[in-house]
Structures are given as structure tokens and as C-alpha cells.
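Below is one structure, written out as C-alpha cells, with a few remarks after it.
Residues take their numbers from the sequence shown, with the count starting at 1. Values below: every heavy atom of this structure, side chains too, minus hydrogens, waters and symmetry copies. Both ligands and their constituent atoms are indexed starting at 1 by order of listing.
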Amino acid sequence: QAPALPGGLADYAAQATALLPPGPAAYFLRGAGAEDTCRANLRDLEAIRIWPRALAPIAGGHTRLTLLGQSLDAPMLVAPMAYLRVLDAGGEAGVAAAATAQGLGMCLSAQAGQPMEAVRDVGPACRWMQLYWQAGRAPTMALAERAARAGFTALVLTVDAPVNGIRDAEIASGFALPDGLRAVNLDGLPQPQFAPLQDRESLLFDRVAHVLPDWEDVAWFCANAPLPVLLKGILHPDDATQAVKTGAAGIIVSNHGGRVLDGAPSAIAALPGVVAQVGGAVPVLMDGGIRRGVDVFRALALGATAVLIGRPVCHGLAVAGALGVSHVLRLLRDELEVTMALAGCRTLDDITADCIQPPTLSGS
Ligand code: FNR
């Protein structure tokens, strides 16, 4: 007999936290520093009140949209997350199957433990490939070209983590990747070589900083990549303006789930400023703190075209593998639909700022 699945999204989170060993629990579920930004992501979403609307006609409603040519049954994609095979042997392919079952999208992490071609072959969900800037233009483009050959339809260049954040909880836990798990899609790409440190030199400023990309590199990449490029990890309105000028096909407002710059504004607080600045030129997506269907609604009310789901996917995967992820995504879809019905929204276009009380957010 199959084991019973948790009843709701909070149960998945609680069970995942309880069952994961300390190392994986810290890597997947915790954040940078004092986790101030992690908490702000949740708190600022929760602070947004949604107006119930009485007797509104909702017959014929739906949650569908087309995003950069991909049809989605609801405005959600699985966020790129590294090394998912730590949580379940099915790894990224299992998550892709779950997203396919729920008619959603998925962005594969550059640090996936399975080949991008294999994950892509699972079904129509996983069509976006995330990457970090590699050790120069040529290897970055080589990765992009491989994704295009594999049948991906968009690239997501993550720009908010030029260096890793300091994740205290993870360091304290002593987390290490299990033997045999590595970022297989980066095999064969050159890694930057650094000269040995001299006395009193800083690894970051004296060795690493000059191999990091700048806006010119990203403009070159957007102009020459074989696929549209979204920039992930934009919070400041001026960076959003620059991203559009640079040729980005979309923007993902994100603080990396509070894993990089602790003290950054919550993603939801930064969203309206980015949306205003972009003015509809390209789609603006958001991630960070989406835990319930009402949160998806809140993000759309503040101008997001769609959201990415991070930790809840980890919860589902840890508790019940691909089936758990599928169930988590289904629960999110159901909650979004019910929220829309209660707020009098038939389609995603009906979800506007008029549906919520003006938020007072910590970052605005
Ligand atoms: C991430 N995230 C991430 N982002 C990215 O661009 N490339 C990556 O490889 C990873 N890896 C990763 C691992 C883990 C364990 C987590 C939790 C997150 C960030 C991710 O895409 C997303 O921005 C956040 O997870 C969204 O926040 P929530 O939904 O987790 O609150």
C-alpha cells in the first residue's frame, strides 16, 4: 500500500524539515547569514491582503498563459536548484516529470546532477536552462549552444551570485555533496585558474574579482546567444532598466531565496519598482518566498507575469520524490484557482493591484 501523502503545503515543509539530515536540511532549506532576507521574503508576502469579491462571475475562468512561446496551465515554473539528487535519487528528471504532470514549466539548474538532454527528454515542462557566467565568453556560449541543441527554448543567466553568499547554517552543518554527485553539464568547461595568494592579498578582490562578468559581457551574450536570455536576480530598478537596455528577454526579480546577500530587500518588495521601470517591455517574473497559492496571486497582483517555486519543490521531493513534487505543485495550482475565484478573477489578466490592499512592505 502506498504511504499517505501529507495533506497540505505546510505539512510538506514540516515533514521535510523533520526527515532531512542536518547537512541537506541546511543546504536546501536555510539561507545566508542571519536569514533576515529569507524571513522578509515570507513576511512581506504574508502582509499583502487580498480583497474577497462578492458574487463575481467566474464561469469560464482558467489559469493558463503563454510565456515566451511555452504554454503553461498556471503561471508557475520550478526554480533552478542545484543538486536535487541529494533529496531523491530521481533528481531533476523526477521534478521535470512532476512539472509536466501539472502542466507547469521548469528551469534546469546549471548545477543539475543529470545531463540536460536527459531532463529535457522527460516531457514538455523543462525548456529553460539556467547558467552562471563561466570562465570567459567562449565557455559561457558553449553551454548556451549545447542547451539550444538539446531543445531548450530560453536561457536564464543568474546575475545575483557572482560570489557565493556566506551561508552560516550550511557551514555549521558541515554539508558536503555525496560521492558521485557533481554538476555534470559543466564537465569539460574550463575553470578559472588563480595564481597563489601573496601575503595579505584578498582572494575575492585580488584574485576572483577580475574574472567576473560585467554588463558589456552580458550585452554580448544576449546579442549572440542562440536563445532568448532572461536575467535572474534583479532587485534594483536601475538594474532592471539596464537589463532591458542590455537585451534581456525577461527579468526574474529574485534574491536567490535569501541565499546570497542577507539584508537584501524581499523579492516581493522589489517587484513593483522593477515592474514600473520595465513598463511592459519584457515579462517580469519573481521568486522568493512563494509557499502557497495565495502568494502566487499576490505576486501577480503586483505585476509578475509568473513565479518560480523553490523550497516547496524541495519539500515535496524530500518527502515523497517526484510524486511529492507533483502533489505540491497541484496544491499550489488548486490554491491559486480558489484564490482567484474568491477574489472574483476569471483569468490571470484580472489579477491586478486593485485586488489587494496597498502593501506596506519592509523594502519599499
Ligand atoms: C537555489 N537557487 C538557485 N538559483 C540559480 O539560479 N541556480 C542554482 O543553481 C540555484 N540553486 C539553488 C539551490 C537551492 C537548494 C535553493 C533553495 C535555491 C535559487 C532558486 O532558483 C530560487 O531563486 C529560490 O529558491 C526562490 O526562493 P524560494 O522559493 O526557495 O523561497
Charged N to carboxylate O below 4.0 Å: is that the case for Arg298 and Asp295? yes
For atom 23 (O) of ligand 1, what is the closest protein heavy atom, and at what distance to 0.1 Å? Asp287 OD2, 2.8 Å
Taking only non-hydrogen atoms of Gly288 and a 4.0 Å limit, the atoms of ligand 1 in range are 26 (C), 27 (O), 31 (O)
With respect to Ile309, determine whether any N or O atom, backbone or side chain, lies less than 3.5 Å from an N or O atom of ligand 1. no
Looking only at protein heavy atoms, what sits closest to atom 6 (O) of ligand 1 is Thr158 OG1, 2.7 Å
Should the proximity of Met81 to ligand 1, defined as any heavy atom under 4.0 Å, be assigned to the side chain, the backbone, both, or neither? both
Would Arg30 and Asp168 pass as an ion pair if we require N to O under 4.0 Å? no
Does Arg207 use its side chain to pair, donor to acceptor, with the backbone of Pro196 at less than 3.5 Å? yes
Verify, without hydrogens or angle tests, whether Gln134 (side chain) and Leu189 (backbone) share a donor-acceptor contact under 3.5 angstrom. no
Tell me: protein heavy atom nearest atom 13 (C) of ligand 1, and distance? Ala82 N, 3.5 Å
Could you tell me if any non-hydrogen atom of Tyr132 lies under 4.0 Å from any atom of ligand 1? yes
Mark up the atoms of ligand 1 that fall under 4.0 Å of a heavy atom belonging to Tyr27, in ascending order. 15 (C)
Per-atom contacts of ligand 1 with Phe28, taking only distances under 4.0 Å to non-hydrogen atoms: 15 (C), 17 (C)
Proximity of Pro80 to ligand 1 by residue part, where a heavy atom lies under 4.0 Å: both
Polar side-chain atom of Arg259 near backbone of Asn164 as donor-acceptor pair, under 3.5 Å: no
Short list, please: which atoms of ligand 1 are under 4.0 Å from a heavy atom of Gln111? 9 (O)
Glu337 versus Thr63, side-chain donor and acceptor atoms under 3.5 Å: no
For atom 17 (C) of ligand 1, the option (of Arg167, His256, Arg311) bearing the nearest heavy atom: Arg311
Looking only at the side chains, is there a donor atom on one of Asn185 and Arg146 sitting less than 3.5 Å from an acceptor on the other? yes
Could you work out, for atom 4 (N) of ligand 1, the closest of Lys232, Arg291, Met286 by heavy-atom distance? Lys232
Counting non-hydrogen protein atoms only, what is the nearest one to atom 18 (C) of ligand 1? Give residue, atom name and distance. Arg259 CD, 3.4 Å
Taking Asp217 first and then Arg137, would you say they form a salt bridge - that is, a charged N and a carboxylate O separated by under 4.0 Å? yes
Would you say Asn255 and Thr37 are linked by a side-chain donor-acceptor pair, where the criterion is simply a distance under 3.5 Å? no
Heavy-atom proximity to atom 9 (O) of ligand 1, best of Ser109, Ala79, Ser254: Ser109
